[in-house]
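Residue numbers start at 1 and run along the sequence shown. Every heavy atom of this structure was used, including side-chain atoms; hydrogens, water molecules and symmetry mates were not.
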Amino acid sequence: QVQLVESGGGLVQPGGSLRLSCVASGRPLGFYTMGWFRQTPGKEREFVSAISPSGSDAKYTNSVNGRYTISRDNVKNTVYLQMNSLKPEDTAVYYCAVCAQPYVWRTKWDKEDFDFTGQGTQVIVSS
């Protein structure tokens, strides 16, 4: 089973930036869509972004479109999430995820499409 380790979270002021990283071990990720999700207490885990196996396609939820950028380095088995112009409502625990099936790319994703094996990384946007 693939193991995912997220990092890069922290406390940032509104308007600031953070870059999250997700390193995978146990399986080469080059055949899998990767995703980022986030969750706040009492709420469902929500989709943030996904990137195709080659990195040529990406999808974002509307609330982060234009502010976040997902990327990947298949040699390093790592996925990134660059978050700019952060807002207090971006505060959440962010989770990296790997698509349960290889060679799949869709324009709409749900958490049921992914496996989550990491602990997440906390992002707090506050002045």
Side-chain angles (χ1 to χ4, degrees):
Q1 184 180 7
V2 64
Q3 297 299 317
L4 303 172
V5 178
E6 303 95 336
S7 63
L11 172 63
V12 63
Q13 291 187 341
S17 299
L18 284 173
R19 188 192 195 204
L20 307 184
S21 298
C22 170
V23 180
S25 60
R27 182 197 305 171
L29 296 182
F31 305 119
Y32 295 85
T33 286
M34 297 295 295
W36 285 96
F37 288 73
R38 64 187 180 187
Q39 190 170 18
T40 54
K43 292 189 176 181
E44 292 283 324
R45 191 168 296 187
E46 67 166 344
F47 171 81
V48 175
S49 182
I51 186 167
S52 62
S54 68
S56 60
D57 295 285
K59 179 69 176 175
Y60 301 91
T61 191
N62 287 342
S63 62
V64 308
N65 208 10
R67 300 188 296 121
Y68 288 15
T69 303
I70 191 170
S71 60
R72 66 190 297 162
D73 185 333
N74 287 340
V75 174
K76 295 182 178 180
N77 239 24
T78 302
V79 180
Y80 305 97
L81 187 67
Q82 177 67 43
M83 308 186 297
N84 298 328
S85 303
L86 283 162
K87 304 175 181 180
E89 52 263 42
D90 295 318
T91 295
V93 178
Y94 284 70
Y95 296 91
C96 177
V98 55
C99 185
Q101 300 297 325
Y103 312 113
V104 174
W105 175 251
R106 294 194 285 267
T107 56
K108 181 172 169 50
W109 296 94
D110 295 310
K111 57 182 183 295
E112 290 73 20
D113 299 318
F114 291 87
D115 293 326
F116 297 84
T117 65
Q119 297 299 309
T121 185
Q122 175 76 60
V123 171
I124 300 174
V125 184
S126 175
S127 55

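Note on Lys111 versus Glu46: no salt bridge recorded, every NZ/NE/NH1/NH2 to OD/OE distance being 4.0 Å or above.
What you find for Tyr32 and Pro102 is that their closest heavy atoms are CE2-N, 3.6 Å. The minimum heavy-atom distance linking Tyr60 with Thr69 is given by the pair OH-CA, 3.3 Å. In this structure, Ile51 and Ser71 approach most closely via the heavy-atom pair CD1-CA, 3.6 Å. Across every non-hydrogen atom of Met34 and Cys96, the tightest pair is CE-SG, 3.7 Å. Nearest heavy atom pair, residue Ser127 against residue Pro14, reads N-CD, 3.7 Å.
Counting only heavy atoms from C-beta outward, the side chains of Val79 and Trp36 approach each other to under 4.5 Å. Residues Val98 and Arg27 are in side-chain contact: their nearest non-hydrogen atoms beyond the backbone lie under 4.5 Å apart. A 4.5 Å side-chain heavy-atom check between Arg72 and Asn77 finds every atom pair outside the cut-off. A heavy-atom distance below 4.5 Å is found between the side chains of Leu81 and Ser49. Inter-residue side-chain proximity for Tyr94 and Leu18 is flagged as unmet; no heavy-atom pair is nearer than 4.5 Å. Side-chain contact check for Thr33 versus Pro53: some heavy-atom pair is nearer than 4.5 Å. The closest side-chain heavy-atom distance from Trp105 to Cys99 is not below 4.5 Å. Residues Glu6 and Leu20 are not in side-chain contact: their nearest non-hydrogen atoms beyond the backbone lie 4.5 Å or more apart.
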| request: Applying side chain to side chain contact (heavy atoms under 4.5 Å, CB included), run through Val2 and Leu29 and close with a yes or a no. | output: CA-CA 9 Å; Val2 64; Leu29 296 182; 4.1 Å; yes

| task | Evaluate side chain to side chain contact (heavy atoms under 4.5 Å, CB included) for Gln82 paired with Ile70, printing each intermediate quantity in order. | result | CA-CA 6 Å; Gln82 177 67 43; Ile70 191 170; over 6 Å; no

| message | One pair to check against side chain to side chain contact (heavy atoms under 4.5 Å, CB included): Ser126 and Leu11. What are the steps and the verdict? | response | CA-CA 7 Å; Ser126 175; Leu11 172 63; 4.2 Å; yes

| said: If you apply the rule side chain to side chain contact (heavy atoms under 4.5 Å, CB included), what do you find for Tyr68 with Thr61, and how did you get there? | reply: CA-CA 10 Å; Tyr68 288 15; Thr61 191; over 6 Å; no

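No cation-pi contact links Arg38 to Tyr95, judged by a cut-off of 6.0 Å to the six-membered ring centre and 45° from its axis.
Note on Val75: it does not cluster hydrophobically with Phe31, by side-chain heavy-atom contacts below 4.5 Å among ILVMFWY residues.
A donor-acceptor distance shorter than 3.5 angstrom exists from the side chain of Thr121 to the backbone of Gly9, with no hydrogens or angles considered.
A donor-acceptor pair shorter than 3.5 Å cannot be found between the side chains of Asn65 and Arg67. At a cut-off of 3.5 Å, with distance as the only test, a side-chain donor of Ser17 or Asn84 sits close to an acceptor on the other residue.
Residue Gln119 places its CD atom among 12 or fewer non-hydrogen atoms of other residues, nucleotides or ligands, all under 6.0 Å distant. Atom CD of Glu44 sits in a sparse spot, with 12 or fewer heavy atoms from other residues, nucleotides or ligands closer than 6.0 Å.
In this structure, the ring pair (Phe, Tyr, Trp, His ring centres under 6.0 Å) partners of Phe37, at least two apart in sequence or on a different chain, are Phe47, Phe114, Phe116.
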